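Remarks on the structure that follows.
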Amino acid sequence: MLEARGLGKSFGQTRALTDVSLTIAEGELVAITGPSGAGKSTLLNCLAGVVRPESGEVVLDGRRIDTLPEADLTKLRRESFGIVFQFGELVPELTAAENVALPMLFNRHGRQEAMTVAAQWLARLEVSDCADRRTGELSGGQRQRVAVARALVTGPRVIFADEPTGALDTIGGEQVMNALIGAARGSRTAVVLVTHDNRVAAYADREIALRDGAVLAGVRR
Amino acid sequence: MTTGHVLLGLLVERPKHGYELKKEHDHRLAGAKPLAYGQVYATLQRLERDGLAEVVETQQEGGPERTLYAITDNGQAELERWLNTVEPSAPYVSSPLFARVAVAGNAADGYLVRQREAHLARMRELTAEKASGAPAQVLAADYALQHLDADLRWIETALARMKEHNNA
């Protein structure tokens with residue numbers, strides 16, 4: 001469904017990715033692991049159409065996406081991808097429900113429909129009681145579950161999660177992972193998870209281990 | 001005599017027979033090696049000999065003999081003492097994993113990459129078990145997961161040191 005072929009990327013003199021190839025199937029949960037500086041976030045950003053690779057290609061459902069014009073790429077990201085960051089990155093002026101509804105409003109759904117669907121996702125992630133609260137009033141774990149709801153609200157093909165539990169304690173992180181995985185499995189959404197935490201990687205179906213910008217030899221792709 | 005103390009702990013609730021103690025031991029200490037029946041009965045006899053447990057009833061209705069054991073006052077005192085004893089931190093730490101690296105040195109990197117995969121595969125199984133596990137199993141899985149994670153983090157560090165050495 002999502003495929004990378006021979007990806008390469010440098011930042012100045014620094015080689016971030018070298019000849020990285022991988023395939024992610026529908027509904028699959030894959031962890032990209034490695035120490036800091038291994039190229040995890042660069043790979044995630046290339047797959048998610050945020051960063052354009054210098055060499056190689058990224059293909060979604062048979063269509064090459066890394067060469068799309070910026071406007072088409074933005075539209076594709078909005079419709080087909082959901083992103084969860086380490087610190088949630090919610091809009092502080094909005095309530096949790098409004099944050100979750102936001103991607104649907106960007107995709108030109110009516111406000112009422114967007115708020116109804118947002119409420120359903122908040123319920124699915126067991127944070128309905130947070131719906132009318134601003135994000136500053138939420139705990140770290142609640143914020144991340146709201147961020148997961150926001151990533152899922154458009155029914156994306158893939159969710160990209162960059163250290164989604166990095167700021168949480170063990171039990172809070174576990175609740176977010178269970179919520180993310182339960183919701184993704186229920187809707188056949190693939191999840192690409194960047195983490196340096198082995199216990200988080202253990203939630204995934206398989207691992208892509210990066211070292212110095214390349215896939216670690218000996219680990220199956 | 002840890003098994004003895006665990007059995008004493010399980011007897012606090014009410015008197016139990018050996019079969020029941022084995023079942024409860026294996027459930028509460030999920031992740032530990034299951035207790036062999038022979039060991040249960042040998043341990044109970046030792047507890048009885050030392051006055052820490054006593055036989056309160058022997059049933060035999062056609063089937064095999066079933067002996068019901070209870071904890072004694074001395075047993076309660078011994079259990080209390082054990083529960084409050086701080087375990088000394090292990091003076092020696094080793095494992096077959098570490099021994100291989102100690103012997104092979106910087107040539108162990110290929111082995112470590114494969115060992116890493118095996119550990120992570122086991123962590124996936126434990127993580128899946130936790131999703132549907134009873135509280136005792138979740139605690140046991142957490143304990144196993146965090147020990148495997150400690151090994152994995154050491155493997156990472158060892159690989160980084162080997163790379164540094166090989167590049168020097």
Side-chain angles (χ1 to χ4, degrees), chain A residues 15 18 27-40 125-126 164-166 168-186 191 193-221, chain B residues 30-31 95 97 100-101 104 106-168:
Chain A
R15 193 98 190 112
T18 307
E28 198 180 19
L29 228 135
V30 177
I32 300 174
T33 64
S36 44
K40 305 186 294 288
L125 292 155
E126 298 178 6
T165 64
L168 305 176
D169 59 31
T170 301
I171 291 179
E174 196 171 285
Q175 287 168 345
V176 168
M177 286 309 297
N178 285 333
L180 170 61
I181 285 162
R185 293 248 192 253
V191 178
L193 183 67
V194 158
T195 184
H196 70 280
D197 183 339
N198 304 307
R199 285 176 288 158
V200 173
Y203 282 90
D205 300 321
R206 74 193 158 94
E207 177 200 29
I208 295 165
L210 289 185
R211 296 292 179 283
D212 304 316
V215 176
L216 183 65
V219 179
R220 277 171 299 130
R221 288 183 185 178
Chain B
S95 73
L97 186 163
R100 283 191 185 88
V101 178
N106 291 318
D109 53 351
Y111 157 73
L112 281 180
V113 169
R114 293 197 307 279
Q115 185 65 59
R116 199 182 158 279
E117 278 190 72
H119 266 30
L120 196 55
R122 178 67 188 135
M123 286 179 75
R124 279 192 205 103
E125 289 173 6
L126 288 163
T127 303
E129 281 172 23
K130 257 171 72 167
S132 55
Q137 284 159 319
V138 171
L139 270 182
D142 280 337
Y143 189 72
L145 276 166
Q146 303 210 16
H147 277 76
L148 289 167
D149 186 35
D151 271 359
L152 279 184
R153 281 180 287 139
W154 178 75
I155 288 174
E156 279 307 328
T157 310
L159 283 170
R161 290 201 199 282
M162 284 170 196
K163 199 182 121 204
E164 222 168 61
H165 176 93
N166 291 341
N167 288 346

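Note that the structure is a prediction, hence the values are computed from the model and not measured. The sequence lines fix the lettering, A, B, ..., with proteins before strands; numbering per chain opens at 1.
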Margin query: What's the separation between atom CG in B:Leu152 and atom CE in B:Met123, rounded to the nearest 0.5 Å?
Written below: 5.5 Å
Check: For chain B, which of A:Thr170, A:Thr33, A:Asp205 has the most heavy-atom pairs under 4.5 Å?
Finding: A:Asp205
Notebook entry, point to check: Are the charged groups of A:Arg15 and A:Asp212 less than 4.0 angstrom apart, N to O?
Noted result: no
Checklist line | Interface moiety of A:Asn198 toward chain B, non-hydrogen atoms closer than 4.5 Å | finding: both
Check: Less than 4.0 Å between a side-chain N and a carboxylate O, is that true for B:Glu117 and B:Arg122?
Finding: no
Check: Is a donor on one side and an acceptor on the other found under 3.5 Å between the side chain of A:Lys40 and the backbone of A:Gly34?
Finding: yes
Margin query: If you count heavy-atom pairs within less than 4.5 Å of chain A, which of B:Asp149, B:Leu159, B:Leu145 leads?
Written below: B:Asp149
Item checked: Region of B:Arg153 that comes under 4.5 Å of a non-hydrogen atom in chain A -> both
